[in-house]
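Accompanying notes for the structure given below.
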Amino acid sequence: MTVVSPRLKGIGVSSGVTAGPVALMGPRPRLPDDRPAVADAEAEAAAAIAALNFIAEDLEERAAAVAMPRAAEVLEATAMIARDPSLEEGIRLATAKGEPAAWAVHRAMDHFRELLLDLGGYMAERVGDLDDVRDRTIARLLGQPMPGVPERDAPFILVADDLAPADTVTLNPERVLALVTIRGGPTSHTAILARSLGLPAVVACGEAAALGDGELVAVDGATGVIRVGITQEEVVSTNRAEELRRAARAASHGPGRTADGHAVSLLVNIGDAAGAASVAKVDAEGVGLFRTEFLYLDRQDPPSVDEQVALYTEVFKAMGGRKIVVRTLDAGADKPLPFLNPEGEPNPALGVRGLRTARRSPQVLADQLAALALAQRATGAVVWVMAPMVATVAEAKGFTDLAHEHGLTIAGVMVEIPAAALRAADLLEHADFLSIGTNDLAQYTLAVDRMAGELADLLDPWQPALLDLIRMTAEAGLAAGKSVGVCGEAAASPLLAPVLVGLGVTSLSMSASAVADVRDALAAVTLAECREMAANALAGRTTGRP
Ligand code: PEP
Ligand code: MG
C-alpha cells in the first residue's frame, strides 16, 4: 500500500523542488506579563548593557564574515545603532526608575523609536533596524531564542510568517534550501529574493503555520505544493531527482522557442551591475528589465550624470552585444526617495511615483536619459529605454519624444496601469515597444496592495481579468508589428509562460534562475497549444494550472 503524504498548498513563486527539515523563523520575544521585582538597579543596568554589547559584537562579527557586500552594510548599520551611547544612557535612566533589564531596554528603545519616527525620511526608515536590536537584546536577556533567520549547522527549509528586507538581505543561500511563508504575495520581498537566489519558494501558505521545527517536508516552488510528514528516504530521493533535473537544466541553452519553432525572446531582469554577468551564464538573449533604482537609494541627492555614465558603461559592456532594456527611475510607493517623493502621501501607490516624479523634478529624468545616451554611444550597446507607470498617451508621447531627443533611438513604455493596457494601440503610435509589468498591473487591476499577503490570491497572475489586459496589449503589439514583452514576476512561471505566449506576448523577462525552466516549458508545447491554454485561462478554466 502506498502512503500518500498530506499536502499543503500555497502560491509557488520560485520554481524548483527540494526536501529537508523545517526551521521556523525565530519569533519576536515577548516580555512576560509578570514583571520581576528589582533588588539592584545597577546590576540590571549592567546586565542590559552587556546584552546590548553582545548583540553589537555579534552583528559586527556577522558583517565581517558575510560575503555579500549589501548584507555586510545592513549588518554594520544595525550594529552601529546598538553601539549608540545614547541607548546606554536611556537604559540607565530606565533601570534607575526601577525597570528590570529587559523592560529597561524596551523603554529606552521605545523612546528612540519615537524620536526617529518624528524625524521622518531616512531616519524613520531606521526604525526597523532599531526594533531588530531591541528584539535581539531582549531575547538574550530573557534566554529566549534569537528572533530572525535561525542559525543551524545543516541546511533547512525556512518557514516564516513573512520576511522583512533585513532578513532577506542577510539570508545565507548555502544554508537555506527553500522559503515558505504564511503570508506574503507573489510580488513580496520573499518572492523576489527567492527568485534572485534561485531558491524554491512558496508564499501565502496559511497552513504552513502548523509546521513544526525539524519536520521533514518537500517543497515544490512551481506548483506551490508542500508535502509534509515525508521520510528521510523520500528526502534523499526527492533531492536526487532534483539534482538530475538541474544537471539537465544546466545543459539547456539557445534561444527561446516553442516545439514548432515560434520564437520567444528570453531575457533577464537585473537590478545592479553584478546582475549583468548572469545573462551570458544562462544563455539569455539580453536584459529585459534593468531596474535602475539602486543607483538612487540611500542617498540624499540624485547621482551625477558622470557617476551614472560610469555605471551604465560597466553594465553595457558586460552585455557583450546583447540587447538591454533600461527602465528609468521608478521611485515612490514601495521604493520612496526623500529627494523625489512628497512626504505623507495618503496613497503613495496612487501618487507621485514612476514617470510621474518627472512632473516635479524633470531634471532627474533628463540627467538619466543624458547619461544613458552617453554610455550607449561610448559602448555601442543595443539599448532600449522605457518609463515606468505610464497611464496616458500624452505621457507615452512625452517620454518617448524626450528619449529620442537624447539620441536613444528605441524608446518604449511599461504597461502597469489598466488605462495603459486599454489604450495600448494608441500608446504604440508613439512607443517603439511595450513591456507589461504584471506586478503593478495586478495591483491596479485587482485593487490590492502588491505587498498585502493576506490578499495574495487576488494578485495571482492567473486572474482572468489580468490576462485579458495582457491579451489586449499583446494584440495591439501584433497589429502594430511591435514587440510586447512581460517583465513582471509572472514571466518567471514555467506554467504561465506558454499562456502568455498564447496571448501574443513576444518576450519574457525574468530572474536568471528561471530562464532554463521557462525555456524547457516553451520547448514542450506548440504555439497552437499555447493558444489553447491561453483560451482556457481567459475563460477562467484552470486547465494547465496545478
Ligand atoms: C512590475 O510592476 O511588474 C515591474 C516589473 O516593476 P516593479 O516590480 O519594479 O515595480
Ligand atoms: Mg512596476
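All values reported here derive from a predicted model rather than from experimental measurement. Counting convention: from 1, in listed order, for ligands and their atoms alike.
For Glu345, the salt bridge (Lys or Arg N to Asp or Glu O under 4.0 Å) criterion is met by no residue, not counting sequence neighbours.
By the 6.0 Å contact criterion, NZ on Lys397 is open, its count of non-hydrogen atoms from other residues, nucleotides or ligands being 12 or less. Around atom CZ of Arg423, no more than 12 heavy atoms belonging to other residues, nucleotides or ligands sit under 6.0 Å away. More than 12 heavy-atom neighbours from other residues, nucleotides or ligands sit within 6.0 angstrom of NZ on Lys482.
Ring geometry, Phe290 versus Phe294: the interplanar angle falls from 30° to 60°, so the pair is classed tilted.
Under 2.8 Å from the Mg ion (ligand 2) lies an N/O/S atom of Glu416, whether from backbone or side chain.
You'll find the side chain of Cys487 reaches within 4.5 Å of the side chain of Asn269, heavy atoms only. Residues Thr328 and Phe399 are in side-chain contact: their nearest non-hydrogen atoms beyond the backbone lie under 4.5 Å apart.
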Identify all pairs of nitrogen or oxygen atoms, one from ligand 1 and one from the protein, separated by less than 3.5 Å, and list them with distances.
unit_1: ligand 1; atom_1: 2 (O); unit_2: Glu416; atom_2: OE2; d: 2.8
unit_1: ligand 1; atom_1: 2 (O); unit_2: Asp440; atom_2: N; d: 3.0
unit_1: ligand 1; atom_1: 2 (O); unit_2: Asp440; atom_2: OD2; d: 3.0
unit_1: ligand 1; atom_1: 3 (O); unit_2: Gly437; atom_2: O; d: 3.4
unit_1: ligand 1; atom_1: 3 (O); unit_2: Thr438; atom_2: N; d: 3.1
unit_1: ligand 1; atom_1: 3 (O); unit_2: Asn439; atom_2: N; d: 2.8
unit_1: ligand 1; atom_1: 3 (O); unit_2: Asn439; atom_2: ND2; d: 3.2
unit_1: ligand 1; atom_1: 6 (O); unit_2: Arg327; atom_2: NH1; d: 2.9
unit_1: ligand 1; atom_1: 8 (O); unit_2: Arg291; atom_2: NH2; d: 2.9
unit_1: ligand 1; atom_1: 8 (O); unit_2: Asn439; atom_2: ND2; d: 2.9
unit_1: ligand 1; atom_1: 8 (O); unit_2: Arg450; atom_2: NH2; d: 2.7
unit_1: ligand 1; atom_1: 9 (O); unit_2: Arg291; atom_2: NE; d: 2.7
unit_1: ligand 1; atom_1: 9 (O); unit_2: Arg291; atom_2: NH2; d: 3.3
unit_1: ligand 1; atom_1: 9 (O); unit_2: Arg327; atom_2: NH1; d: 3.0
unit_1: ligand 1; atom_1: 9 (O); unit_2: Arg327; atom_2: NH2; d: 3.0
unit_1: ligand 1; atom_1: 9 (O); unit_2: Lys335; atom_2: NZ; d: 3.3
unit_1: ligand 1; atom_1: 10 (O); unit_2: Lys335; atom_2: NZ; d: 3.1
unit_1: ligand 1; atom_1: 10 (O); unit_2: Asp440; atom_2: OD2; d: 3.0
unit_1: ligand 1; atom_1: 10 (O); unit_2: Arg450; atom_2: NH1; d: 2.8

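Nearest N/O/S atom of Asp440 relative to the Mg ion (ligand 2): this is OD2.
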